[in-house]
Asks: 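Just dropping this structure here.
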Amino acid sequence: AHVQLRRAIATARRDGHRCILVITGRGQHSPDGTGVLRDALPEWLSQSPIHTHVLAFATALSHHGGTGAFYVLLRKPPKP
């Protein structure tokens with residue numbers, strides 16, 4: 001999941017997107033009932049190399065997935 005996230009963020013930024021929705025799920029079907037990806041995502045977004053692409057992130061609104069999704073705001077793409 002971490003590799004896919006890095007690729008998706010780099011591709012979205014290169015293509016000029018400024019915001020992406022990352023759906024992690026809430027973890028309701030996990031054996032221990034916790035969202036492993038949901039808990040890991042903020043740390044991943046704050047670490048190198050992903051943090052160089054990310055301006056900010058926040059939990060999504062309920063109609064976009066609520067606590068099972070995040071908005072990730074991307075920095076402007078580098079100038080060619």
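Only a predicted model underlies this, so the values are computations on that prediction, with no experimental measurement involved.
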Asks: Should the heavy atoms of other residues, nucleotides or ligands under 6.0 Å from CD of Glu43 be counted, would the total exceed 12?
Replies: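 Atom CD in Glu43 is not crowded, with 12 or fewer foreign heavy atoms closer than 6.0 Å.
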Asks: Do you know the tightest heavy-atom contact between Phe70 and Leu41?
Replies: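 The pair with the smallest heavy-atom distance is CD1-CD2, 3.2 Å.
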Asks: Between Val54 and Leu73, does a side-chain contact (heavy atoms from CB on, under 4.5 Å) hold up when you go through it step by step?
Replies: CA-CA 6 Å; Val54 176; Leu73 303 177; over 6 Å; no
Asks: Dump the intermediate steps for side-chain contact (heavy atoms from CB on, under 4.5 Å) on Arg13 and Arg75, then the final yes or no.
Replies: CA-CA 7 Å; Arg13 185 173 178 217; Arg75 297 182 187 279; 3.9 Å; yes
Asks: With a 4.5 Å cut-off on side-chain heavy atoms, are Lys76 and Leu55 touching?
Replies: no
Asks: Evaluate the side-chain contact (heavy atoms from CB on, under 4.5 Å) criterion for residues Val22 and Phe57: first the C-alpha distance (whole Å), next the side-chain angles of each, then the deciding distance (0.1 Å), finally the verdict.
Replies: CA-CA 10 Å; Val22 177; Phe57 56 92; over 6 Å; no
Asks: Shared ILVMFWY cluster between Tyr71 and Ile50, side chains joined below 4.5 angstrom?
Replies: no
Asks: Is it the case that one hydrophobic cluster holds both Trp44 and Ile20, taking links as side-chain heavy atoms less than 4.5 Å apart, direct or via other members?
Replies: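 As far as the 4.5 Å side-chain criterion goes, Ile20 and Trp44 are connected within one cluster.
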Asks: What are the two closest non-hydrogen atoms of Asp39 and Pro42, and how far apart are they?
Replies: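 Minimum heavy-atom contact is O-CD, 3.6 Å.
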Asks: Tell me the closest heavy-atom pair linking Gly16 and Pro77, and the distance in Å.
Replies: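 So the minimum-distance heavy-atom pair works out to CA-CG, 4.0 Å.
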Asks: Taking the side chain as C-beta and beyond, is there a heavy-atom pair between Leu45 and Ile9 under 4.5 Å?
Replies: yes
Asks: Are the side chain of Thr11 and the backbone of Ala8 linked by a donor-acceptor contact shorter than 3.5 Å?
Replies: no
Asks: Walk me through it: do Ile23 and His64 pass the test side-chain contact (heavy atoms from CB on, under 4.5 Å)?
Replies: CA-CA 9 Å; Ile23 300 169; His64 287 147; over 6 Å; no
